[in-house]
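See below for the structure under consideration.
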Amino acid sequence: MINQKLAELFYKIADILEMRGVEWKPRAYRRAAKGIETLVEDVSDIYKKQGVRALKEIPGVGERIAEKIEEFIKTGRIKEFERLSETTPKHLNELMDVPGLGARRARILYQKLGIRTIAQLKKAAEQHKICKLPTFKEKSEENIIEGIKFIKSSGGRKLLSIVLPVALKIEARLKKFGQVSIAGSLRRRKETIKDIDILVASEEPKYVINFFTKMPEVKRVLARGPTKSTVILDNNIQADVRVVGKTSFGSALLYFTGSKEHNIALRELAIKKGYKLNEYGLFKGAKKLAGKTEEDVYKKLGLKYIEPELRESLGEIEAARRNKLPRLVSIQDIRGDIHVHTKWSDGDNSIEEMALTAKKLGYEYICITDHSKTRAIAHGLKEGRLLKQIQEIKKLNKKIKGIRVLTGSEVDILADGSLDYGDDILKKLDVVIAAVHSGFKMPKEKMTARIVKALENEHVDILDHPTGRIINTRPPYQVDLDKIFKRAKELGKFIEINAFPDRLDLKDVDIKRAIRVGVKLTIGTDAHDVNHLRYMAFGVATARRGWAEKKDILNCLSTKEFLKVFKIK
DNA sequence: GCCGTTTTCGGCCCGACTGTTTTCAGTCG
């Protein structure tokens, strides 16, 4: 599958062209990249079967880009890209991370002062070299220095789980002004969030803006207009509020939720129909056709309602047009959590405490999956203790009512693909989750073979966190997911979406691929504490972003059905 | 560089806010 690699190249070309001040081409390259990303089929297969002509059928791909795709398939490179990157310093777009600096002014900084990095930028601003440049003044230097401080302290994008509670608190407070909704990537439940966006419907925007900019946690006001304001909160999260009239709430929510690409696609669709779409509504001439609710706007555009998690311009608009949208899984569909740790290994709570909390959450079953013996650092269970735990769970099931506790293990996949317990032990467990916790630096083929070998063990049921990534901390290890999905399907094995907020592994786009292959998935919280059981919501959100339906997720099954699938008595 | 049931040339989403600016470009979402 070369689609992703190719899309990345085109995105990079777009960035470079943008830095150079080239007009329109960046947009064309990005559209082509998006078109390629959205494809189900491998680009090289399309080319093999029907040649360049078929490539041009891909949305956003024309004559010139089709040639570049052909070149990449034949030679593994795109000369144009190499030419561009040779003559453009790398990392120049890091300047564009500074709030207030876009492509145009970043280019001026480079051309006039040779600034390429944030460090050089900071020095130049402090030495007052920048205010002499065109389009810059003293105020710009202040803003640049402030902006760099912000980047350093905020560390870029934050985890969904960190930002969401902050946003919910603000949302609740703004309710007294009228209809309120969290919008932006937060509403789409992206795994990381750059800023909080909140929309308010009110005919008195000045009161809202006044209240918002004076909230106790506001550290700095970046912008404050009559209907829109941007602030930095004391935890260095940026928050934007926008106020619109009640009759525009839907169209404004649509606009403010994004994604940007989704909005552009909708607006283009509107234009094709002879309409105009903006945050105030959908218009035909001066006549407003829709705007009060999102549903109204979609309907008038000839589309079914699209859930926020799907709004990434990855095929959802076409699916909405053809009434082929998935019926997304929801948190209410989840009947049990099947990845839970306890005090027996590195968790904080007893088996009983975890079970009772799960019961309170409305679950019918829970599976205890402590670490295996090699995870000594996590107090992994030696065989004797695991057998003892199995007995303990048997006793507990007689004692507590209303929830079934299953036995299991999160067993290490060792470097050679063998498992951390022998078959004699594994066969005693209800559910066996296998996972890689060491030897991350293996080459791709070796890692893939290692995981496949583990899946081929007859006692293994589920593969957990298939890429091993920790968001913002550790990159994924090299692994051929397509191969893993294919083998898992053949063997009737499952893949877990780990719901822990810094893992979310599988991630959204990989979930979509897995479902396409036909692998069944599970969602497990990897809870190490009773409070972590609530992380299920993040796992479900990620599954939804991956177009998952109830039927794709195994722990949507009732206890009876679940036990049958796992052949548990 | 792409695209066309108004177009094969001349467009390319759209509006708010800031400050580079005294009428508009740049940036952002």
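Chain identifiers are assigned alphabetically (A, B, ...) following the order of the sequence lines, protein sequences preceding nucleic acid strands; residue numbering begins at 1 within each chain.
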Using a cut-off of 4.0 Å on non-hydrogen atoms, how would the nucleic acid contact of A:N263 be classed: base, sugar-phosphate, or nothing? nothing
If the test is side-chain contact (heavy atoms from CB on, under 4.5 Å), which one of A:D197, A:D195, A:L160 qualifies with A:L186? A:L160
Just compare B:dC14, B:dG29, B:dA16 and give me whichever is closest to any side-chain atom of A:D197. B:dG29
With the side chain of A:R64 defined as its heavy atoms from C-beta on, choose the nearest nucleotide among B:dC17, B:dC2, B:dG26. B:dC2
Taking CD1 from A:I317 and P from B:dC13, how many angstroms apart are they, rounded to a whole number? 13 Å
Can you tell me how far P of B:dC17 sits from CG of A:N143, to the nearest Å? 17 Å
Out of B:dG15, B:dC2, B:dT20, which has the shortest distance to the side chain of A:I65? B:dC2
Where the side chain of A:E268 is defined as all heavy atoms beyond and including C-beta, which of B:dC12, B:dG29, B:dC17 is the nearest nucleotide? B:dC12
Of B:dG29, B:dG26, B:dG1, the nucleotide closest to the side chain of A:R105 is B:dG26
Say you pick atom P in B:dC13 and the same atom in B:dC17; how far apart are they, in whole Å? 22 Å
Evaluate the ring planes of A:F10 and A:Y29, with Trp represented by its six-membered ring, and classify them as parallel (under 30°), tilted (30 to 60°) or perpendicular (over 60°). tilted
A:D240 side chain to A:T230 side chain, donor-acceptor N/O pair below 3.5 angstrom: yes
Return yes if some donor-acceptor pair links the side-chain N/O of A:T247 with the main-chain N/O of A:K292 below 3.5 Å, else return no. no
Would you call A:W24 stacked on B:dC12, i.e. ring centres under 5.5 Å apart with the planes less than 30° off parallel? yes
Nucleotide of B:dG29, B:dG1, B:dC14 approaching A:Y29 most closely (side-chain heavy atoms): B:dG1
Which atom of A:V61 lies closest to which atom of A:A32, heavy atoms considered: CG2-CB, 4.1 Å
Figure out the CD/P separation between A:E18 and B:dG26, and round it to whole Å. 13 Å
Could you work out which one of B:dG29, B:dC12, B:dG19 sits closest to the side chain of A:Q238? B:dG29
Rounded off to whole Å, could you give me the CD-to-P distance for the A:E57 and B:dC2 pair? 14 Å
A:S140 vs B:dT20: side-chain N/O to OP1/OP2 distance below 4.0 Å: yes
In whole angstrom, what separates A:R242's CZ from B:dC14's C1'? 10 Å
Can you label the angle between the A:Y535 ring and the A:F538 ring as parallel, tilted or perpendicular, going by 30° and 60°? tilted
Rounded to the nearest Å, what distance is computed from the CZ atom of residue A:R220 to the P atom of nucleotide B:dT18? 13 Å
Among B:dC17, B:dG15, B:dG26, which nucleotide has an atom closest to any side-chain atom of A:A223? B:dC17
B:dT18 -> Watson-Crick or G-U wobble partner, both distances under 3.5 Å, gives B:dA25
Among B:dT27, B:dT18, B:dG29, which nucleotide sits nearest the side chain of A:D195? B:dG29
Between P on B:dG1 and CG on A:L84, what's the gap in Å once rounded to a whole number? 10 Å
Rounded to whole Å, CZ of A:R188 lies from P of B:dG29 at a distance of 12 Å
Taking the side chain of A:A28 as heavy atoms from C-beta outward, which of B:dT27, B:dG15, B:dG1 is closest to it? B:dG1
